[in-house]
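Since the structure comes first, as structure tokens, the remarks are kept for the end.
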Amino acid sequence: MAKIDQTQSPPFHEVVQGAISRRNVLAGSASAALLTMFGCAVTNQNQRSNLVISKQTTAVSPLMQFKPVSVREAAITSNRQWPLISDDYDFELILPWGDPIEPSGPKFAWPPSPENQAHQIGIGHDGMWFFPDPNNPNSKGALALNHEFGSTAVILGKAVPQNLDEVRVSQHAHGVSVLNIERVKGKWMVVGGDNVRRIHVNTPVEFSGPVAEHELLKNSAGNKPMGTLNNCAMGHTPWNTYLTCEENWPFYFGTTSSEFEPTDEQKPYNLTGRSFYGWHNFDPRFDLRSEDHTNESNRFGWVVEIDPWDAQQVPVKHTALGRFGHEGATVAVGKDDRIVVYMGDDMGGEHVYKFVSSGDYNKMVRDGVSPLSEGRLYVARFNDDFSGDWLELSTRNSSLAERFDDDAEILTFPRIASKFVGATPMDRPEWIAITPTQDVYCTLTNNTGRTTPNAANPLAPNVHGHIVRWRDEEEYTGTKFSWDVFTLAANTQQTENLFSSPDGLWADSDGRLFIETDGNQSDDENTINNQLLVMDTNSGEIRRLFTGVSGCEITGLAVTPDQKTMFINIQHPGIEARSPHTGRTFPDLGGVNAIPRDCTVVLYRKDGGIVGS
Ligand code: FEO
Ligand code: CA
Ligand code: CA
């Protein structure tokens with residue numbers, strides 16, 4: 001396999017200076033203000049680079065009038081067990097793990113039975129989207145909600161499942177919930193409906209696209225494809241469906257044999273035989289040594305389409321979008337109404353991808369062809385001169401035609417193909433958001449393992465992460481783009497902008513960027529919980545809207561069409577001790593036998609304004 005030279009990078013000060021000067025090209029006139037008050041600055045090109053993080057935010061954004069939560073308020077000297085929110089906002093907590101997905105369903109009891117958990121909200125709340133009811137769009141709708149993962153200690157009170165029933169509880173706690181929610185007398189609550197369902201690890205699924213009928217997806221056991229796993233971030237389509245993305249699925253595949261040696265195709269996917277979840281002890285689908293299930297792991301790592309309005313629809317895994325550690329799938333409508341999907345592969349040194357449909361999505365949908373089943377997959381190369389190239393991953397690319405037998409093989413192993421074509425290794429690409437200016441923003445959460453910087457990932461190691469921005473030619477569909485480093489996380493000096501490990505990301509139509517964090521939020525003096533920040537992409541001003549509870553991650557974001565109600569998630573409160581008896585029992589702080597429960601937070605301005613304003 002060809003060696004890729006990743007050592008040719010300019011000095012850091014040149015990278016940062018150049019990246020920031022690109023803002024003039026990409027975003028107009030705001031670059032100077034942004035440079036001095038938010039991100040990083042280079043004091044002198046001839047000196048060693050010098051990060052300057054402001055201590056005060058002086059700009060006043062017309063987009064953000066709310067009083068921010070200050071670092072002083074949010075800083076913790078002991079465990080902070082309840083969220084903080086701006087004085088101008090209120091919140092309520094809904095949809096805790098284990099509540100029934102419809103009012104008539106089984107009530108929460110710990111530990112859950114496999115039967116009950118299959119009709120209850122899963123654990124590990126992550127990406128989600130709100131699909132408004134046409135008759136009552138701002139007060140009622142379907143919510144599709146990912147359940148990324150759950151500690152077996154929290155779910156069952158033990159390190160790993162001890163029998164198949166306990167495996168099933170864990171499996172049924174994963175996947176996706178499709179619920180209906182409605183605001184009744186000022187409070188959001190679960191209501192029933194024909195579309196309500198749980199999709200979990202044992203739900204039948206089907207495949208579309210070039211790999212669908214390929215041997216790579218067949219097992220000698222003849223078992224039909226089932227289930228979705230480690231559903232992280234998401235996307236939604238113009239034809240009103242939900243996309244759920246499979247991220248850290250390799251960690252569910254284990255082996256009881258110490259002799260297991262991963263294949264060259266399994267190694268880049270971290271299929272090491274070490275599982276955190278112990279399912280393989282009782283369910284041979286997840287045993288990497290099972291000769292009847294040699295291709296089971298190829299059935300995971302995809303983007304999965306769900307119809308939130310039709311409980312009978314079989315979820316579809318779209319192989320044309322490639323198999324990797326999918327964070328999210330952010331959809332844009334491109335030139336000639338082709339569908340464009342931006343996707344990050346969240347592992348250190350992995351890549352950013354783009355899919356472009358073969359034709360006009362309206363016509364494809366009318367013809368009964370999924371726009372996600374036919375098209376081209378590209379991987380990004382960020383050049384040192386702030387240009388970029390989308391490199392096609394198919395046998396049309398002559399360098400790949402020599403290495404791979406067919407497109408199905410490339411799409412099943414794009415981590416291998418990407419390195420072969422010289423894509424840029426990134427610092428864990430997480431969520432991707434698009435502003436109305438067609439600027440595409442991607443969180444690079446951190447990468448402590450980086451030893452060699454490149455232009456788009458200028459810190460080695462990258463402890464606190466950054467955000468990269470690009471703009472594609474030809475209304476998202478072109479193979480050329482220009483880019484800059486939008487900001488580095490400001491966690492290195494005491495600052496009101498303190499944040500680290502940006503992860504969840506969403507942009508509204510006014511140009512507000514909502515940033516959610518997943519990592520240690522601390523500088524030398526302050527430690528705060530993971531948070532939701534709002535940033536004005538025009539002025540660069542940033543304000544802290546919300547902080548979560550000890551141990552949790554803030555993730556997932558959905559809004560009502562009027563943007564006056566926002567939903568975010570508190571994921572894994574109390575997981576760090578991997579025990580239900582740590583004293584961290586959010587949201588039931590007073591319960592004698594309470595355990596931590598992931599839940600959804602509803603945010604709204606007290607005066608009824610748009611969230612973020
Ligand atoms: Fe599931 Fe990369 O976060
Ligand atoms: Ca994430
Ligand atoms: Ca993360």
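Just so it is clear, the model here is predicted, and its values are computed rather than measured. We count residues from 1, following the sequence as given. Excluded from the calculations below are hydrogen atoms, water molecules and symmetry mates; all remaining heavy atoms, backbone and side chain alike, are included. Counting starts at 1 for both ligands and their atoms, following the listed order.
- Taking all atoms of both residues into account, the shortest heavy-atom contact from Met234 to Cys245 is CA-SG, 4.1 Å.
- Ring centers of Trp279 and His174: under 6.0 Å apart, within the cut-off.
- Among heteroatoms of the N, O or S kind in Glu327, OE2 lies nearest the Ca ion (ligand 2).
- Between Trp431 and Tyr441, a ring centre-to-centre spacing not shorter than 6.0 Å is recorded.
- When distances from atom 1 (Fe) of ligand 1 to the N, O or S atoms of Glu148 are compared, OE2 comes out shortest.
- Checked options Val69, Ile568, Leu84, Asn529; the residue passing with Phe546 is Ile568 (criterion: side chain to side chain contact (heavy atoms under 4.5 Å, CB included)).
- With ring centers used as reference points, Phe324 lies 6.0 Å or more from His351.
- Inside a sphere of radius 3.0 Å centred on the Ca ion (ligand 3), the protein N/O/S atoms present are Glu430 OE2, Asp503 OD2, Asp518 OD2.
- Of all the N, O or S atoms in Glu247, the one closest to atom 1 (Fe) of ligand 1 is OE1.
- For the pair Gln521 (side chain) and Ser500 (backbone), a donor-acceptor distance under 3.5 Å is present.
- Every side-chain hydrogen bond (donor to acceptor under 3.5 Å, both in side chains) that Trp97 has, sequence neighbours left out, goes to Gln117.
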